[in-house]
Amino acid sequence: MAEVKFEADRLLLFGATGDLSQRMLLPSLCALHADGLLDADLRIVATARSEMTTKEFRQFAREALEKYLPKNRRGPMADFLNQLSYVPVDATTPEGYDELAKEVGEYDGLAIFLSTAPSLFEPTIAGLKRVGLTKGNARIALEKPLGTDLASSCEINDAVAKAFSEDRIFRIDHYLGKETVQNLLALRFANILLEPVWNSNYVEHVQITVAETVGLESRVAYYDDSGALRDMVQNHMLQLLALVAMEPPTSFEATAVRDEKVKVLRALRPVKAEEVVTGQYRAGAVDGKSVPGYDEELGKDSNTETYVALKAHVDNWRWRGVPFYLRHGKRMPERVTEIVVQFRSIPHSIFEGRGVRTEPNRLVIEIQPKENIQLTMMAKVPGLGNDGLRLRPVPLDIAMPDAFADVVRRIAYERLLLDLVHGDQTLFVRRDEVEAQWEFIDHIRALWTENATQPKPYAAGTWGPSAAIALAERDGVTWHDD
Ligand code: BG6
């Protein structure tokens, strides 16, 4: 049975003057508006601490849109800006919320988006509750980081649960809004061909890589407290792993999908110390430009990791014995996010007698910057040739990027904001998932503390410490495209 969804007629945006709002949220809302996907009656109430009038905020929003949204996606911008109003609120003082409630007015469905520091979640929710903005069809979206470990994550979740039931809490993992991530579900569950081979009998290992060329950027304090493991592996990478490894859900509905993901996350075997490598970048060159080391960028010595590689196992029937290699780093040679499913070799080669080698099939799901899915199959090189039979791996483009070249490339937040307004939780993370993710991560951090692990240095613009290459090579595995 389809889950009940409620359309919101009010969107309340906290942290509206922040970086995420300028780069992603306002551009996404404007683009949705331009495509006629937002109801003309939807009123967007923006709030932040800065004293500003609605007129000033509209100007602020206009500048953000001109900077971050391509011109051909802006549509009638003035119409969109007219849907915005602004109320300054200091989230920690209860009085400010009365004004906000007045501006929101009567609603049929209210969607609230907290794009603020998690330390403000509790006072914000208390303030909203006091003025009745948690009632009826009010639902709330929360941005990461949802805690720094399992205990602090539970505290946040408990505080939110005091005002919103779980079916009205939308935890964002923006990777779930990415087109190719959803395409992975289509590939797995709209085709019959892959399912019979999607298990330990046919899959030799899986690799998930999220490589970034950027360094610390402007988020010095946050990043140095967090580190690569908690910033990227705890959320985005474990979600990707769950989507690759999950059993087929019975429907594309929130409960069914999330029930299957959480089973995978709970089946993750606690990793051993020798199955994780951490690193921190030193000065080097990225894209031909020299860049400083992490400590120099930070302005002090730090043990925070900017790179993690690990070998995970999903202890269930389907994935018994299949390693999942995950790696993520800042200041890598290129920006790429991809999943590689490496199949096993054929059991017997009829070509071997002729000295012809075959390579095992491989499925590469490139999430960004290209959105592509390629299945590599062996095929014969055409011709008679004196050198006899020749075979070569041929990549089949499954996502057909050329065929969809004129389809608009959307911001991941467009999907998520639209689903929030419609009340569809399928692409949002449920509490039990977040907690299972933290359990896996807390165990790794406990190992680091126990062993006084220090990140290994790697030069910016390289693929991380050599120990990470060795981690895979010990098993006869090479990281894809190193
Ligand atoms: C964020 C992390 O969640 O994801 C950042 O905090 C990271 O450190 C970003 O750069 C990567 O997102 P994307 O969509 O650019 O891959």
Side-chain angles (χ1 to χ4, degrees), residues 15 18-25 27-28 31 68-69 113-118 141-149 153 156 170-184 208-243 278-281 286-287 291 294 297-298 302 304-308 326-339 365-372 409-417 427-429 433-434 437-438 441 455 460 464:
D19 193 56
L20 185 75
S21 168
Q22 291 179 62
R23 284 170 185 271
M24 300 287 170
L25 305 181
S28 297
Y68 296 114
L69 186 64
F113 196 116
L114 296 196
S115 166
T116 57
L142 305 169
E143 261 297 332
K144 72 176 255 276
L146 285 178
T148 52
D149 56 12
S153 158
I156 295 177
F170 290 65
R171 294 180 194 81
I172 304 239
D173 186 311
H174 79 275
Y175 267 54
L176 299 182
K178 291 185 190 274
E179 195 62 47
T180 324
V181 173
Q182 290 156 48
N183 207 352
L184 168 61
I208 303 179
T209 297
V210 181
E212 296 185 284
T213 52
V214 293
L216 247 184
E217 297 183 284
S218 54
R219 305 176 308 154
V220 179
Y222 157 74
Y223 195 85
D224 198 51
D225 275 351
S226 166
L229 183 72
R230 290 188 283 185
D231 184 48
M232 292 295 284
V233 183
Q234 188 273 341
N235 35 65
H236 311 319
M237 296 189 76
L238 290 184
Q239 281 292 320
L240 293 181
L241 185 154
L243 293 173
T278 65
Q280 189 192 74
Y281 61 83
V286 178
D287 284 339
V291 293
Y294 180 78
E297 242 177 287
L298 189 67
S302 164
T304 299
E305 80 289 354
T306 60
Y307 178 96
V308 189
L326 271 52
R327 67 175 166 165
H328 158 64
K330 300 270 188 205
R331 291 286 193 225
M332 302 270 101
E334 59 182 289
R335 175 172 183 252
V336 60
T337 298
E338 67 175 18
I339 301 169
I365 301 157
E366 188 168 342
I367 293 165
Q368 57 193 25
K370 282 186 243 135
E371 295 179 355
N372 198 10
R409 293 286 174 256
R410 291 187 180 278
I411 308 167
Y413 280 92
E414 288 182 59
R415 169 84 273 150
L416 300 177
L417 282 162
L427 298 176
F428 294 84
V429 184
E433 293 178 74
V434 178
Q437 289 170 188
W438 274 123
I441 296 297

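Counting convention: from 1, in listed order, for ligands and their atoms alike.
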Legend entry - For Lys330, atoms of ligand 1 separated by under 4.0 Å from a heavy atom: 5 (C), 7 (C), 8 (O), 10 (O)
Inset, instruction - State plainly whether the residues Asp231 and Lys144 are in salt-bridge range, i.e. N to O under 4.0 Å. - result: yes
Inset, instruction - Quick one: look up the protein heavy atom nearest atom 5 (C) of ligand 1 and list residue, atom name and how far away it is. - result: Arg219 NH2, 3.2 Å
Legend entry - Flag for Glu143-Ser115: side-chain donor and acceptor within less than 3.5 Å: no
Inset, instruction - Starting from atom 12 (O) of ligand 1, locate the nearest protein heavy atom and write down its residue, its atom name and how far away it is, to 0.1 Å. - result: His174 NE2, 3.2 Å
Inset, instruction - Please work out which of Glu143, Gln368, Lys178 has its closest non-hydrogen atom nearest to atom 14 (O) of ligand 1. - result: Lys178
Inset, instruction - Please work out whether any backbone atom (N, CA, C, O) or any side-chain heavy atom from C-beta onward of Met24 is under 4.0 Å from ligand 1, and answer side chain, backbone, both or neither. - result: neither
Inset, instruction - Please determine, by modelled atom types, if Thr209 and Arg327 share a side-chain donor-acceptor pair under 3.5 angstrom. - result: yes
Inset, instruction - Using only heavy-atom distances, determine whether the side chains of Glu338 and Gln368 contain a donor-acceptor pair under 3.5 Å. - result: no
Legend entry - Salt bridge flag under 4.0 Å for residues Arg331 and Glu297: yes
Legend entry - Per-atom contacts, ligand 1 versus Asp231 - under 4.0 Å to a heavy atom: 2 (C), 5 (C), 6 (O), 8 (O)
Legend entry - Sub-4.0 Å atoms of ligand 1 with respect to non-hydrogen atoms of Lys144: 1 (C), 2 (C), 3 (O), 6 (O)
Inset, instruction - State plainly whether the residues Glu212 and Lys330 are in salt-bridge range, i.e. N to O under 4.0 Å. - result: yes
Inset, instruction - Determine whether any heavy atom of Thr337 lies closer than 4.0 Å to an atom of ligand 1. - result: no
Legend entry - Tyr175 contact mode with ligand 1 (heavy-atom cut-off under 4.0 Å): side chain
Legend entry - Arg335 neighbourhood, listing ligand 1 atoms whose heavy-atom distance to it stays under 4.0 Å: 15 (O)
Inset, instruction - Starting from atom 10 (O) of ligand 1, find the nearest protein heavy-atom neighbour and note its residue, name and distance. - result: Glu212 OE2, 2.5 Å
Inset, instruction - Output yes when Glu371 and Arg409 qualify as a salt bridge under the 4.0 Å nitrogen-oxygen rule, no when they do not. - result: yes
